[in-house]
Structure formats: C-alpha cells, structure tokens
Amino acid sequence: MRTTADSILQPSDEVAQALAAGAPVVALESTIISHGLPQPRNLEVARELEAVVRAAGAVPATIAVLDGVAKVGLDEVELERIATESGLRKLGQRDLPVAAALKASGATTVSATAFLAARAGIRIFATGGLGGVHRGWTEDQDESADLDTLARTRITIVCAGVKSILDVPATLQRLETRGVTVAGYRTDSFPGFYLHSSGEPVDWRIESPEQAAAIMRGQDALGGAHTALIVANPVPEDRQLDPALHDRVLAEALAAAGRDGVTGQAITPYLLGYLVRGTQGASLEANLAAVRGNTALAAQIALAWSRP
Ligand code: PSU
Ligand code: MN
C-alpha cells in the first residue's frame, strides 16, 4: 500500500466530525500518561482529562501512535494501551515517520502531539509542563524538541509553564529568540509547573479565554511564520507543591541523575519519578492539579475559538 497521510494519520470519527463542523476540540498528549505518571493512576487521569474536556462542551483528542498509525482521538481500549502497555516508546516529532514505517507504538510528547494536532486541524492543546532547556545545557546541549516544534507550529498550548526540573530563564530566552508568543493567564509571573510561580516575569497577561482566542485571530491575520501561542496557566497557590520541599527534592533528583548517568529521553521521566517518590506523592498531586486546570482552560479557549 502506498504511504499517504490518510494511512498514517487517522482522526477518530468523533474528532473528524467535530472538526468538520467547526466544533471545539482539545488535543491531549500521551507521554504524560505513559512516561510521566505512575500506574495505575495514569489511566484514571487519562480518562479524567477527557471527561474535563467533555464537561466543558468540547471534544477531547488524545494523540498517540498505535501500530504505526498516528491516532487523533483514542477509544477506551486504545487509551488503556497507552496507560498499561510495557515497552511503549516515547515519540518526538522526528520519531513519527520511523514509528509509521516500523509499525511501532508509542506515546507522543508535546513536539509530536503539537505537530499531529496541527496536521489534523486542531488548534488547541493542553499539557502539564513544556519541555525546554535543561540545566547543564552548556555541557550536554539538551534542549527539548518541544521548543523547536512550537517555533514552527500554529497551535495554542495551555501549560503550567515549563517543567521546573529545567533551566526556566534559559527556556524563556529560547522562546523569545524563536518567536513563540507567551501570555500569562491571570498572572504576571511565569508559572513554575509544580509551583504557582517560577519567579520569572511574563511580559503579557490575559484574563479570559476570549482574549486568548483574540490573540490567535491576530496571529492568523498577521500571517508570517507559523508559531505557537503558549498560554501559561499557574497551578493554584493552594494546590502547589511546598516550594521548600520542591527545591530540596529536586536538588537530590538532579544529583542522583548525575550519579546514575541518566541522559537523553530518559532524563525527564527519571526526574519526575524521583520527585513523586521523594515528596511522597505530593508532586504528583500538584502535577495533576496543573494538568486538570490547563485542560479545563484549553476547553474554554476552544469554545471561544469556535465562536465566530
Ligand atoms: N507534562 C507533564 N508531564 C510530562 C510531560 C509534560 O506534566 O511527562 C512530557 C511531555 O510529553 C513533554 C516531555 O513533551 O515530557 C518532554 O520530554 P523531553 O524533555 O525529553 O523533551
Ligand atoms: Mn532532551
């Protein structure tokens, strides 16, 4: 069979119908489910995030690659595979053609999910925290492919900033250089993933989903490079991880990663897992509070975007 976009990129019937009707759709990534959260909680979360989108009146489209096919919108069995299958790969954008060719299965990161969502015609995407420039960049040049994809993909991503395991100021600098628009949602400081604030300022503050949709219309009207809009939505202060606990356990996690020689794709799941254990699950609760809030806000933005 000839390889065509239709044979390797398949929206579910529900997602295809919603997109054709101009109804609100929210893309959700799958790496957070397969690699970012512990079992069995991850499957509950995957279902819960979809329910959050539906409760707001939008259609969820969780994205993953199954047996070489990029699925946009998963059914219950497919969602279970993402949450439970062992040996599932973590796929960035560059891995997608290989996974398709080798009929491999894998969860999609922000870079792969944003790319596939945009290709399928979805404009709004929710996640926890973006990837970015890692601490120690001067030694290993580890910068998440998330940033490059967001610099050339017309998508709106709602996130609680970038993961606090990263070099946040360097990541913000890269986003500026690459022309990615960043707006704080009801905040003047850039969120800190597990923490309400990263301590870094954010240049623009918006107050409503309608303002986010207006920025998106501005992006399209102005034309130019297809860059993303990051809507940085902080975890509520009463749901954040205790900052002192965060700093202490993160320092331990970074030291342990250095000792264990963890690098590349493995480093982010390693650090997040270390934090979950080292905080007795408190980091997990903060992470989930952030993702839930981001998903609900993404649905509101999708509704505002679908209203002409
Ligand atoms: N947000 C979370 N947990 C996660 C991730 C995001 O709350 O695990 C995932 C996303 O899929 C993101 C990836 O793209 O971590 C970044 O991985 P890396 O640093 O290897 O690019
Ligand atoms: Mn990396």
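Quantities reported herein were computed from a predicted structural model and do not represent experimental measurements. Side chains included, hydrogens not; waters and symmetry mates left out as well; all remaining heavy atoms used. Each ligand, and each atom within it, is numbered from 1 in the order the structure gives. All residue numbers in this chain count up from 1 along the given sequence.
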- In this structure, are over 12 heavy atoms from other groups packed under 6.0 Å from Arg292 atom CZ?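 Above 12, so yes.
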
Shortest protein heavy-atom distance from [atom], along with the residue and atom involved:
{"atom": "atom 7 (O) of ligand 1", "value": "Asn287 OD1, 3.1 Å"}
{"atom": "atom 3 (N) of ligand 1", "value": "Ile32 CG1, 3.6 Å"}
{"atom": "atom 12 (C) of ligand 1", "value": "Asp146 OD2, 3.5 Å"}
{"atom": "atom 5 (C) of ligand 1", "value": "Lys163 NZ, 3.0 Å"}

- Message: Do Leu297 and Val235 sit in one hydrophobic cluster, given that two such residues count as connected whenever their side-chain heavy atoms are within less than 4.5 Å of each other, even indirectly?
- Response: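 No; Val235 is not reachable from Leu297 via cluster members.
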
- Could you tell me whether any N, O or S atom belonging to Glu143 is less than 2.8 Å from the Mn ion (ligand 2)? no

Review item, side-chain donor-acceptor pairs of residues 248-257, under 3.5 Å, at least two apart:
{"unit_1": "Arg248", "atom_1": "NH1", "unit_2": "Glu252", "atom_2": "OE2", "d": "3.2"}
{"unit_1": "Glu252", "atom_1": "OE1", "unit_2": "Tyr274", "atom_2": "OH", "d": "3.4"}

Can you give the donor-acceptor pairs under 3.5 Å from side chains of residues 155-164 to other protein atoms, not counting sequence neighbours?
{"unit_1": "Lys163", "atom_1": "NZ", "unit_2": "Gly129", "atom_2": "O", "d": "2.8"}
{"unit_1": "Ser164", "atom_1": "OG", "unit_2": "His246", "atom_2": "NE2", "d": "2.8"}

- Show your working on side-chain hydrogen bond (donor to acceptor under 3.5 Å, both in side chains) between Ser30 and Thr108 and close with a plain yes or no. CA-CA 5 Å; Ser30 44; Thr108 50; 3.2 Å; yes

- Query: Any N or O of Lys90 that comes nearer than 3.5 Å to an N or O of ligand 1?
  - Reply: yes

- Does Glu29 have a non-hydrogen atom less than 4.0 Å from ligand 1?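 Yes, Glu29 has a heavy atom closer than 4.0 Å to ligand 1.
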
